[in-house]
J.: 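After the C-alpha cells below, expect a handful of questions from me.
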Amino acid sequence: MNKIITSLSLVFIFFYSAGLYSQCSDAGICIIGSEHHKSGSQKSSFNLEYSYGQSGNETYDEYEYTVHEFKLGGNFVFSKTFSLTAVLPFMSVVYNSSHVLSRNGIADATVLANYNIPAGKLKNFTLMGGLKLATSGLEHEKFGYFNALGSNDIILGADFNYSFLNLSAGFQIPFSNYEDDGFKFKRGPDFMFRAGYLRKADDLLIKFEVLGIKRLVKSEYSGTNLTSSEIKDSDFFQLNILGGLMYNFSRDLSGGITLFLPMLKRDDNSDGTKRSFTVAAKFSYAFDL
C-alpha cells in the first residue's frame, strides 16, 4: 500500500510540475551539497555527467530552447579533512526556431575547496569555498538565456550530514562583471539551500532533495547609449525537487540518474534559469590519489 501511495505521489508531482518553469540548472552555486563528503572514507574520483533540459514554453517560439551539457570534473582528496572539487562544463544550446542560431562552447568552470570536520560516527560537517570562473565561450550578451555565465563569482557554503539526512546552504557572490564593447552586465548575488534524504540499500543509493535559490539583488545591465537598468523579476525565488539513484557497479565505478523538477511557476527567464525539467546521468570512477 505504501509503495502504491509513493508511486502515485511521484506521478502527481511530475504532472503538476510539467507546467512550471524554474530550475537551478547550470548555476555554479548548485555544486554545494551535490556531493556528500565523509571524512576519512572518501576516495578521489573522476566524474562525467550529461544533462538534458528544456527551457519550457515561451511567448515566442524563438526563445524556447533545449540545453545539452557535459560536465567533466573530479574530486581530489589530499587528506582526511581536505579535498578539491573542479568542474568544467561544455554546453550546447539548441533553439527550437530555425531563425536563431544554436550555440556551443565551454561554459563557466568551478573550483571548490572542501574542509571536512568530523562530528561523530554518523555526523559530518564540511565547509566549502571557491570560485566560478568566466571561462564561457558562449555569447555573453544574451544573459537572458544562459544561466550564471560570464561573471567571476565567489562561492561559499557548508554541508552537514547526519545519518541519512543532508542539509546544505551557500552564497554565490559576483566580484567582477561582464563588460564588452560598451555593454555591461552586473549580476546579483544568490543564496541557496538544499535539504535531502539519502538511503543506501546494498550497492544502491537513493536520494530525494528539495533545493531553493533566492537572488538577493536584481541584476542590472547598461550600454554605451543606455542608462543602467534593473532586469525585471531577476531577484527571483525558485524551488525544485530532485530525485535520483546511484548504483555501484564495482568497487571503483558507479553511475546514476537524477531528475530535477520545478515547484514554483516563473514566466520570466532571467539568467536562463527557466527549465520545465532537467534530467542528468553521471558516471564516477574512484581512485586513491
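Note that the coordinates shown come from a computational prediction; the quantities given were computed from them, not determined experimentally. The first residue of the sequence shown is numbered 1, and numbering continues consecutively from there.
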J.: Does Ile32 offer a backbone N or O that forms a donor-acceptor pair with the side chain of Arg194 under 3.5 Å?
T.: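 Yes; judged by distance alone, with no hydrogens or angles, the pair exists.
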J.: Is there a donor in the side chain of Asn75 and an acceptor in the side chain of Ser45, or the other way round, less than 3.5 Å apart?
T.: no
J.: Specify the closest pair of heavy atoms between Cys30 and Ile213, including all atoms of both residues, with the distance to one decimal.
T.: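 Smallest heavy-atom distance, with atoms named: SG-CD1, 4.1 Å.
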J.: Could you check if a side-chain atom of Ile154 sits within less than 4.5 angstrom of a side-chain atom of Leu131, using non-hydrogen atoms only?
T.: yes
J.: Are Thr110 and Ile155 packed together at the side-chain level, in the sense that at least one heavy-atom pair is separated by less than 4.5 angstrom?
T.: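 They are in contact (side-chain heavy atoms under 4.5 Å apart), so the answer is yes.
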J.: Excluding sequence neighbours, so at least two apart, what forms side chain to side chain donor-acceptor pair (under 3.5 Å) with Tyr115?
T.: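 Tyr115 satisfies side chain to side chain donor-acceptor pair (under 3.5 Å) with no other residue.
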J.: Please answer: with hydrophobic residues joined when any side-chain heavy atoms are less than 4.5 Å apart, are Val87 and Val77 in the same cluster?
T.: no
J.: Remaining members of Phe82's ILVMFWY cluster at a side-chain heavy-atom cut-off under 4.5 Å?
T.: Phe46, Phe76, Phe78, Leu84, Tyr285, Phe287, Leu289
J.: In Å and rounded to the nearest 0.5 Å, what is the CD1 to CG distance from Ile29 to Leu211?
T.: 9.0 Å
J.: Any side-chain heavy atom of Val93 sitting closer than 4.5 Å to one from Met91?
T.: yes
J.: Please report the closest heavy-atom contact between Gly255 and Phe249, naming both atoms and the distance.
T.: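 Closest pair (atom of Gly255, atom of Phe249, distance): N-CE1, 3.4 Å.
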J.: Give a yes-or-no answer on whether the side chains of Thr126 and Asn116 include a donor-acceptor pair shorter than 3.5 Å.
T.: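 Side chains of Thr126 and Asn116: pair found under 3.5 Å.
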J.: Assess whether side chain to side chain contact (heavy atoms under 4.5 Å, CB included) is satisfied between Gln238 and Asn240, documenting all intermediate values.
T.: CA-CA 7 Å; Gln238 54 182 313; Asn240 307 281; 3.8 Å; yes
J.: List in chain and number order the residues that pass side chain to side chain contact (heavy atoms under 4.5 Å, CB included) with Leu165, two or more places apart in sequence or in another chain; answer none if no residue qualifies.
T.: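 Applying side chain to side chain contact (heavy atoms under 4.5 Å, CB included) to Leu165 gives Tyr197.
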J.: Are Leu261 and Phe237 grouped together when hydrophobic residues (ILVMFWY) are joined by side-chain heavy atoms under 4.5 angstrom apart?
T.: yes
J.: Just by distance, no angles: are the side chains of Tyr50 and His68 close enough, under 3.5 Å, to form a donor-acceptor pair?
T.: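 Tyr50 vs His68: donor-acceptor pair found between side chains.
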J.: What do the steps show when you test Leu245 against Leu205 for side chain to side chain contact (heavy atoms under 4.5 Å, CB included), and what is the final call?
T.: CA-CA 6 Å; Leu245 302 172; Leu205 177 67; over 6 Å; no
J.: Search all heavy atoms of Pro189 against all heavy atoms of Val217 and return the closest pair with its distance.
T.: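 What the structure gives for the nearest pair is CD-CB, 3.9 Å.
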J.: Rounded to the nearest 0.5 Å, how far apart are CG of Asp190 and CD1 of Ile173?
T.: 10.0 Å
J.: Considering residues at least two apart in sequence or located in another chain, which fulfil the side chain to side chain contact (heavy atoms under 4.5 Å, CB included) criterion with Asp203?
T.: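 By the side chain to side chain contact (heavy atoms under 4.5 Å, CB included) rule, Asp203 matches Tyr247, Asn248.
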J.: Determine whether the side chains of Asn124 and Asn161 contain a donor N or O and an acceptor N or O closer than 3.5 Å.
T.: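 No, no side-chain donor-acceptor pair sits under 3.5 Å.
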J.: Any chance you could measure Ile31, atom CD1, to Asp159, atom CG, to the nearest 0.5 Å?
T.: 11.5 Å
J.: Side chains of Ser176 and Asn152: donor-acceptor distance under 3.5 Å anywhere?
T.: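 There is such a pair between these side chains.
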J.: Of all heavy-atom pairs between Glu209 and Gly33, which one has the smallest distance, and what is that distance?
T.: OE2-O, 4.1 Å
J.: Rounded to the nearest 0.5 Å, what separates atom CE in Met128 from atom CG in Asn114?
T.: 5.0 Å
J.: If you compare all heavy atoms of Ala134 against all heavy atoms of Asp108, which two are closest, and at what distance to 0.1 Å?
T.: CA-OD1, 3.5 Å
J.: Verify the cluster assignment for Phe283 and Phe70: are they in a single hydrophobic cluster under the rule of side-chain heavy atoms below 4.5 Å apart?
T.: no
J.: Does anything in residues 241-260 pair up under salt bridge (Lys or Arg N to Asp or Glu O under 4.0 Å), and if so which pairs, sequence neighbours excluded?
T.: Lys43-Asp252
J.: Partners of Phe160 by ring pair (Phe, Tyr, Trp, His ring centres under 6.0 Å), sequence neighbours excluded?
T.: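 None.
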J.: For Val210, check side chain to side chain contact (heavy atoms under 4.5 Å, CB included) against everything at least two apart and list the hits.
T.: Phe208, Leu239, Ile241
J.: Ser44: what forms a side chain to side chain donor-acceptor pair (under 3.5 Å) with it, not counting sequence neighbours?
T.: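 Side chain to side chain donor-acceptor pair (under 3.5 Å) check on Ser44 returns nothing, list empty.
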J.: With sequence neighbours excluded, what pairs up with Ala195 under the side chain to side chain contact (heavy atoms under 4.5 Å, CB included) test?
T.: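 Ala195: side chain to side chain contact (heavy atoms under 4.5 Å, CB included) contacts with Leu167.
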J.: What distance separates Leu216 CG from Gln172 CD, expressed to the nearest 0.5 Å?
T.: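 So the gap between those two atoms works out to 11.0 Å.
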J.: With sequence neighbours left out, what residues match Phe171 under ring pair (Phe, Tyr, Trp, His ring centres under 6.0 Å)?
T.: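 Checked Phe171 against ring pair (Phe, Tyr, Trp, His ring centres under 6.0 Å); matches are Phe191.
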J.: Specify the closest pair of heavy atoms between Ala280 and Phe260, including all atoms of both residues, with the distance to one decimal.
T.: CB-CE1, 4.0 Å
J.: Just grab all the salt bridge (Lys or Arg N to Asp or Glu O under 4.0 Å) pairs involving residues 279-289, residues at least two apart or on different chains.
T.: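 Found Glu35-Lys282.
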J.: When clusters are formed from ILVMFWY side-chain contacts under 4.5 Å, directly or step by step, what else is grouped with Val94?
T.: none
